Structures are given as C-alpha cells and as structure tokens.
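Since the structure comes first, as structure tokens, the remarks are kept for the end.
Computed over heavy atoms, backbone and side chain alike; hydrogens, waters and symmetry mates excluded. The structure displayed is predicted, hence computed values, not measured ones.
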Amino acid sequence: MSDIIQKTEVFVVDLLTNKLNPKYLYHNLRHTQRVVKSTKEILNSYGLKGKEEEHLILAAWLHDTGYTRGIEGHEENSCNIAREFLGKEGYNSEEIDMVSNLVMATKRFYEPQNLSEEIIRDADASHFGKKSYWETSDFLREEFALLDIANYSSKEWRNANIKMFETEHKFYTNYAKEQWQEGKDKNLKSLKKDKRTEKEIAKKEAIKAKYKSESPDRGIQTLFRVTLKNHLTLSDIADTKANILLSVNAIIISLALSNLIPKLDNPSNEYLIYPTVIFVFFSVVSMSLAVLATRPNVTRGKFTKEDVTNRKVNLLFFGNFHKMSLMDYEWAIQELAKDKDYIYSSLTKDLYFLGLVLNRKYNILRWTYTIFMIGIVISVIAFGVSFRFFGPDRIA
C-alpha cells in the first residue's frame, strides 16, 4: 500500500468518526470501508496496478467525506475535501483532478465514461448484490427519516427499492456482473415476494416501537459498534508502524554488526568507534521503544461474584476473565444480559481503556520516530566529522 493511501485512510477514518453527524446511519465510515473493499476486489480481477489503482482507492476512501459538510452537493464537497487534503500532501494537481472526477462519477444517474468510472460505480453499489443489502437498506431508510429527507412506510420503501433495481441501477464491470448480479436478482425476487398483510406490518411496527422504548436508540448502538471498530483499526495501524521500525532497526544493527564493527579492531579505523556507537545506540533505543509500544499488559484475569453484582468488572475484556471457569463466566454474562445499563457501561469502559492504550501507543511511537530520525541525522554527522578530522588521510 502506498504512503498516500495510508495517510488518506487515517484521515478519512478520523474525519468520519469525529466530524460526521451520527444520524448518517448508512453514509458513514462503514459504507466507505465496504466501497474500498469492493473497489479492491474489482481491481484485482482486472489486474490493474500503479496510478490507476491508486486513484481508484483514493476516490473510494474520499467519495463520501462531503457528508461532513451536509447532504446538499456532497459530491462536490467531497471533491473539495479531497483537493484540500491531497494538495497539502503534495499530490500532483493533475492526479487530484483524476481522483475528483472519479468521486463525481458516484453521483446518482451519472453514466460512466471509462473503466475506472465503471469500477467506482459498481463498488459504490456492490451491496445490492450481497446478503448485507437488507441491513444497509434499513439503515438508509432510517437515515432519511432522521435527516427529515423522507419518511417511507414499509410498502413505500419496498416499492422504491424495486423501482431502483429494475429501472435505475445496473452493474457495468464483468466482475460485478459475475459476482454480484445473481445476488441482486435474488434480492429483487425477495422484494417482490414480500406480500405481508397490513396486520403483520402493524404488528412488526408495534414490536419495533416497544423495543425502541425499552432499548437504547439504534444510533447509540451504531455509535458503539463503529467507534470500537475504528479504535481497533487505529490500534492495528500503530502496531504496523511499530513493526516497520523494528524491521528497519534490526536490518541496521545486523549490517553494523556484520560489516562495520569487525573493522574496528584495526587501529587505523579507531576514528569510526564513536560514530558506530552512536549509530547502534540510537537503533537499539528505537527498537526498544517500538517493542514497548506493542508490548501487551498482563492482567489478573479473575473477578468475584461481588464484582459482577456491584457492576465493577468489564466482562467484555478478555483480560478480566481468562483465568475464570466457563461456568462462572456464563453466570456473569447472564447477569450482564439482564441489565442494559451494565451492558453499555461495559462498552463505554471498553472504549475508554482502548483509548488509553491508543494514546500510550501513539505517544511512544511519536518518540520512537523522533529518536530514530535524530539518531540517523546525528550518526551521519558523526561519521562525516570523523572522516573529515580523524580519517586515515588526517592521521597520515
């Protein structure tokens, strides 16, 4: 993965997590991640690489960021955000235009003009051909209601989706036709077979209303689900960065041990001792900090019945129960399930402590990168000074 794609992913995850209205139950980070995944699937089927692949993946990440500025003209706003971000990262202006054009290709009713535009449109609508269509469809319907765009009844929403499937949407790429068209046809068939009576619909709506009155709003559930997933994604990114530093410094130390240090036995090479020590020292410190960033904490792994009764233990974190028996843990989970406040308290604790872990990881990584950079600079200067003032020519 190229550096600009990694930076874009981090930027979009942060933007959609912190700046997007929580009422966007469909057009959120989860949708964006699904579009990125579908884009990569299609790209792999065509074997597209290089800049064409990079432009499409960037467009997939950025195509719905405009919702952070409102629903009106969100494609244009997405292009503006893309231009601002990519411009700051020093991305080529002509390539920024290509990415923006791909973002605009996701606009409704747009007819793609080339393969790249066909790929981004198929990726954006890939859920039509998947089992997840029903869940995403419900999210979109509820999003419209929360944003006061439209309030569809079940029948109206079903008819609108049938119309979309039959008259508006189609897949363009061969991969989408082969992999998703059959699923789309099945979903359409299910929509048409949905002939529930008004009584059944009313009963379902009554149950749904009762559930909502007894349970937290779906938006809260979505908030926890998306935020927890984002925390885990950021943790994976931190671990990847730490592993990169470990690998780089391990290579540096290996090269120093095999090529540089053996030469220090020669009296004529004494001037290299101090630069070599500085070089190896900073590499060792960088490696140590990278290890500390990824080193797990050891927890006691036990809780008491009093802890559960008094709601003092988070049963969702493995570190609190890995030494408990299955029978005790099953009992504790049953107690947790009886109290919805305890459930959301546990999720809140999970978020909080994940945040503390992330803060620790990124603080250590910041110091690690800083020390690594300073070490490289000082080592190069030290080698230069040694060669200039204490090298073989000077000794002679």
Side-chain angles (χ1 to χ4, degrees), residues 2 4-40 51-52 54-114 116-128 136-137 139-150 164 168-169 219 222-223 226-227 229-230 233-234:
S2 70
I4 188 62
I5 292 177
Q6 287 183 330
K7 290 180 179 178
T8 303
E9 178 180 352
V10 173
F11 168 74
V12 173
V13 168
D14 177 69
L15 183 67
L16 295 183
T17 301
N18 299 309
K19 301 296 183 181
L20 187 66
N21 188 330
K23 292 181 180 179
Y24 286 102
L25 302 183
Y26 172 77
H27 292 101
N28 51 26
L29 179 60
R30 185 180 178 186
H31 165 73
T32 297
Q33 290 170 331
R34 183 172 62 247
V35 173
V36 172
K37 181 180 178 182
S38 297
T39 301
K40 290 179 180 179
K51 288 297 181 181
E52 192 169 7
E54 183 174 278
H55 297 159
L56 276 163
I57 295 176
L58 290 175
W61 275 114
L62 294 161
H63 82 284
D64 271 350
T65 53
Y67 280 104
T68 58
R69 298 181 181 180
I71 196 167
E72 291 296 329
H74 62 270
E75 291 93 352
E76 289 78 5
N77 285 329
S78 296
C79 289
N80 292 335
I81 291 172
R83 291 181 183 279
E84 292 168 9
F85 170 73
L86 295 175
K88 287 180 182 178
E89 295 297 329
Y91 208 56
N92 184 286
S93 59
E94 291 182 3
E95 294 186 81
I96 292 177
D97 290 338
M98 294 178 186
V99 174
S100 298
N101 290 337
L102 290 172
V103 171
M104 291 304 297
T106 64
K107 198 167 186 176
R108 190 174 181 182
F109 303 119
Y110 179 83
E111 192 66 26
Q113 304 299 311
N114 53 53
S116 292
E117 292 182 355
E118 290 178 352
I119 290 173
I120 195 70
R121 284 195 69 81
D122 281 352
D124 196 22
S126 61
H127 62 286
F128 285 166
T136 55
S137 178
F139 280 140
L140 183 58
R141 177 187 173 192
E142 192 165 351
E143 178 181 298
F144 284 162
L146 290 173
L147 295 172
D148 296 323
I149 297 172
M164 165 73 76
E168 182 178 329
H169 175 264
T222 303
L223 169 68
V226 172
T227 308
K229 185 175 181 180
N230 291 342
T233 300
L234 290 171

* Do any pairs count as a side chain to side chain donor-acceptor pair (under 3.5 Å) and have a residue in residues 96-106, sequence neighbours left out, and if so which ones? -> R83-D97
* **Salt-bridge contact R121-E111 (side-chain N to carboxylate O under 4.0 Å)** => no
* Structure fact -> Sequence neighbours excluded, the answer for salt bridge (Lys or Arg N to Asp or Glu O under 4.0 Å) partners of E75 is none
* So, do F139 and H127 have ring centers that fall under 6.0 Å from each other? -> no
* To do: Identify the heavy atoms of V35 and A60 that sit nearest to each other, and give their distance.
  => CG1-CB, 4.1 Å
* Dump the intermediate steps for side-chain contact (heavy atoms from CB on, under 4.5 Å) on L29 and V13, then the final yes or no. => CA-CA 7 Å; L29 179 60; V13 168; 4.1 Å; yes
* Test log, rule side-chain contact (heavy atoms from CB on, under 4.5 Å), inputs L146 and N21 -> CA-CA 11 Å; L146 290 173; N21 188 330; over 6 Å; no
* I57 CD1 to H55 NE2 distance, which is reported to the nearest 0.5 Å -> 11.0 Å
* Could you list the residues that satisfy ring-ring contact (aromatic ring centres under 6.0 Å, His included) with F11, not counting sequence neighbours? => F85
* Asked: Tell me, do K40 and K37 make a side-chain contact under 4.5 Å, heavy atoms counted?
  -> no
* Looking only at heavy atoms, which two atoms of I4 and T8 are closest? And how far apart? -> O-OG1, 2.7 Å
* side-chain hydrogen bond (donor to acceptor under 3.5 Å, both in side chains) partners for Q113, two or more places apart -> none
* Structure fact -> Closest non-hydrogen contact found for T39 with A123 is OG1-CB, 3.2 Å
* To do: Indicate yes or no: at least one non-hydrogen side-chain atom of T136 is less than 4.5 angstrom from one of L140.
  => no
* **Contacts of type ring-ring contact (aromatic ring centres under 6.0 Å, His included), residue H74, not counting sequence neighbours** => Y67
* Asked: Take atom CD in E168; do more than 12 heavy atoms of anything else shown fall under 6.0 Å from it?
  -> yes
* Just how far is it from atom CG of L25 to atom CZ of R30, taken to the nearest 0.5 Å? -> 10.5 Å
* **Partner residues of S78 under the side chain to side chain contact (heavy atoms under 4.5 Å, CB included) criterion, sequence neighbours left out** => T65, V103
* Structure fact -> E143 meets the side-chain hydrogen bond (donor to acceptor under 3.5 Å, both in side chains) criterion, sequence neighbours left out, with H27
* For K51, enumerate each residue passing the salt bridge (Lys or Arg N to Asp or Glu O under 4.0 Å) test, keeping only those at least two apart in sequence or located in another chain. => E54, E95
* Scan for salt bridge (Lys or Arg N to Asp or Glu O under 4.0 Å) pairs involving residues 13-28, sequence neighbours excluded, and state none if there are none. => none
* Flag the pair Y24 / D64 as yes when at least one side-chain heavy-atom distance between them is below 4.5 Å, and no otherwise. => no
* **side-chain hydrogen bond (donor to acceptor under 3.5 Å, both in side chains) involving S126 - partner list, sequence neighbours excluded** => S38
* Using a 4.5 Å cut-off on heavy atoms from C-beta on, say whether the side chain of V36 contacts that of E9. => no
* **Note, I120 side chain near H63 side chain (heavy atom, < 4.5 Å)** => no
* **Rounded distance [0.5 Å steps], CD1 in I81 versus CG in L62** => 8.5 Å
* Structure fact -> Scanning both residues in full, the closest heavy-atom pair of I96 with G87 reads CD1-N, 3.8 Å
* By side-chain hydrogen bond (donor to acceptor under 3.5 Å, both in side chains) - contacts of T68 (at least two apart) -> none
* Would you please name every residue forming a salt bridge (Lys or Arg N to Asp or Glu O under 4.0 Å) with E94, sequence neighbours left out? => none
* **Rounded distance [0.5 Å steps], NZ in K107 versus CE in M104** => 4.5 Å
* Do the side chains of L102 and L56 get nearer than 4.5 Å, heavy atoms only? -> yes
* Structure fact -> Taken to the nearest 0.5 Å, the spacing of I71 CD1 from I149 CD1 works out to 3.0 Å
* To do: Drop me the distance from L16's CG to H31's NE2, to the nearest 0.5 angstrom.
  => 10.0 Å
